[in-house]
Amino acid sequence: MNRAGEPVLELRDLHKAFAETPIIRGVTLVVWQGQRHGLIGPNGAGKSTLFNLISGQFAPTSGDILLNGQSIAGVPPFLINRRGLSRSFQITNLFPRMSVAENLRIAVMGHHGHRFTLFRPVANLRRVSSRVDEHLEKLRLQHRRNDMAGDLAYSEQRALEIGMALATDPEILLLDEPTSGMSRDESAYVVELIREVTEGKTLLVVEHDMSVVFDLCDHTSVLVYGQILASGAPETVRADRRVQEAYLGEEAA
């Protein structure tokens, strides 16, 4: 474990190009232990590509990614997860025809080393069952435990997916546009839930909606055309003329 104040995640002069097209163009970024770091930017800025690089979906063209001081550039996603990084996706990624509790149980079993438990009844895994109950309570989903995940309201599905990511007890959690496609009320609900269930966790949140990041995060970085345009406290970033122009330019377009 890191001592307080040490970096959990570092991006060093990170580049990613597809064929001859550069998408990420020299990103250097540090996420410190316990920090709630928001990454914002207009459409087409490269936010999803950057997240995919960090979580192992893509390998960088050049540069490095360090998790707790060790390079994870090009490492497969499942190994990155075992090293303490977990993510939720912009598009809900659940087992829709399994119950809420069963979805959580799969995530908890993986964390506790029961991936290949074929003959021992799940009900006998008391530690797993206890953890599932804890997560259901934190997610405010106790009353939906036996419902199919695909039958949940959209905001509840997002909450469940975040809970599954947290069930692996990550040192850093990546959230990819957690309020995408939600109404204002749904967004407010999910932001408050994230604040509660990630208390004390290191968080990196990618969002298009500046208000979500400014409400949730204590540090904000702005990505524009694959480069970091500004980084700092939310109020400082909000007042930056370059940031305002980047978003106003997108709205005008």
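Computed over heavy atoms, backbone and side chain alike; hydrogens, waters and symmetry mates excluded. Quick note: residue numbers are just sequence positions, from 1.
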Heavy atoms only: give me the nearest [X]-[Y] pair and the separation to one decimal.
X    : Y    : answer
R25  : Q227 : O-CG, 3.2 Å
L94  : A149 : CD1-CB, 4.3 Å
S86  : A165 : OG-O, 3.1 Å
A107 : T168 : O-CG2, 4.3 Å
V30  : P7   : CG1-CB, 3.6 Å
P22  : E20  : CD-O, 3.3 Å

Atom [atom1] in [X], atom [atom2] in [Y]: separation rounded to 0.5 Å?
X    : Y    : atom1 : atom2 : result
Q57  : I80  : CD    : CD1   : 8.5 Å
S99  : L152 : OG    : CG    : 10.0 Å
L14  : T61  : CG    : OG1   : 8.5 Å
I162 : K138 : CD1   : NZ    : 14.0 Å
R158 : I194 : CZ    : CD1   : 8.0 Å
R97  : N103 : CZ    : CG    : 11.0 Å

May I ask you to test the [X]-[Y] pair for a side-chain heavy-atom distance under 4.5 Å?
X    : Y    : value
V8   : W32  : no
I40  : V212 : no
V128 : R105 : yes
L203 : L175 : yes
D218 : Q35  : yes
P42  : V224 : yes
L223 : L39  : yes
M182 : Y154 : yes

No-hydrogen, no-angle side-chain donor-acceptor test under 3.5 Å, [X] and [Y]:
X    : Y    : value
E207 : T179 : yes
H135 : D133 : no
R12  : T28  : no
E171 : N68  : yes

Worked verdict on D64 versus S71 for side-chain hydrogen bond (donor to acceptor under 3.5 Å, both in side chains): CA-CA 7 Å; D64 206 358; S71 177; 2.6 Å; yes
Could you walk me through whether C217 and V205 pass side-chain contact (heavy atoms from CB on, under 4.5 Å), step by step? CA-CA 8 Å; C217 299; V205 183; 4.2 Å; yes
Keeping to residues at least two apart or across chains, list the salt bridge (Lys or Arg N to Asp or Glu O under 4.0 Å) pairs with something in residues 187-205.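 For residues 187-205: R36-E199, R140-E196, D169-K201, E192-R195, R195-D215.
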If a pair satisfies salt bridge (Lys or Arg N to Asp or Glu O under 4.0 Å) and one of its residues is in residues 47-61, list it, with sequence neighbours excluded.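 Output for this query is empty, none listed.
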Can you list the residues that meet the side chain to side chain donor-acceptor pair (under 3.5 Å) rule with D147, with sequence neighbours excluded?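 D147 satisfies side chain to side chain donor-acceptor pair (under 3.5 Å) with R144 once adjacent residues are dropped.
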Determine whether [X] and [Y] fall in the same hydrophobic cluster, where Ile, Leu, Val, Met, Phe, Trp and Tyr are linked whenever their side-chain heavy atoms lie under 4.5 Å apart.
X    : Y    : result
L173 : L66  : no
Y225 : L229 : yes
M148 : L160 : no

Is the backbone N or O of [Y] less than 3.5 Å from a side-chain atom of [X], with the two atoms forming a donor-acceptor pair by type?
X    : Y    : value
T202 : I172 : no
E245 : R242 : no
T21  : A17  : no

Begin with the C-alpha distance, continue with both residues' side-chain angles, and end with the deciding distance and a verdict on side-chain contact (heavy atoms from CB on, under 4.5 Å) for E10 and I65. CA-CA 6 Å; E10 297 179 76; I65 306 168; over 6 Å; no
Evaluate the criterion side-chain contact (heavy atoms from CB on, under 4.5 Å) for residue pair L50 and L11; output intermediate values, then yes/no. CA-CA 10 Å; L50 191 62; L11 311 183; 3.9 Å; yes
Begin from the C-alpha positions of I54 and L9 and carry the test side-chain contact (heavy atoms from CB on, under 4.5 Å) through to its verdict. CA-CA 9 Å; I54 295 170; L9 180 70; 4.0 Å; yes
Among residues at least two apart in sequence or on other chains, which ones pass ring-ring contact (aromatic ring centres under 6.0 Å, His included) with F18?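 F18 satisfies ring-ring contact (aromatic ring centres under 6.0 Å, His included) with F58 only.
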Mind checking what makes side chain to side chain contact (heavy atoms under 4.5 Å, CB included) contact with E134, not counting sequence neighbours?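 For E134 the side chain to side chain contact (heavy atoms under 4.5 Å, CB included) partners, ignoring immediate neighbours, are S130, R131.
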By side chain to side chain contact (heavy atoms under 4.5 Å, CB included) - contacts of A159 (at least two apart):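 Once residues adjacent in sequence are excluded, the partners of A159 under the side chain to side chain contact (heavy atoms under 4.5 Å, CB included) criterion are L193.
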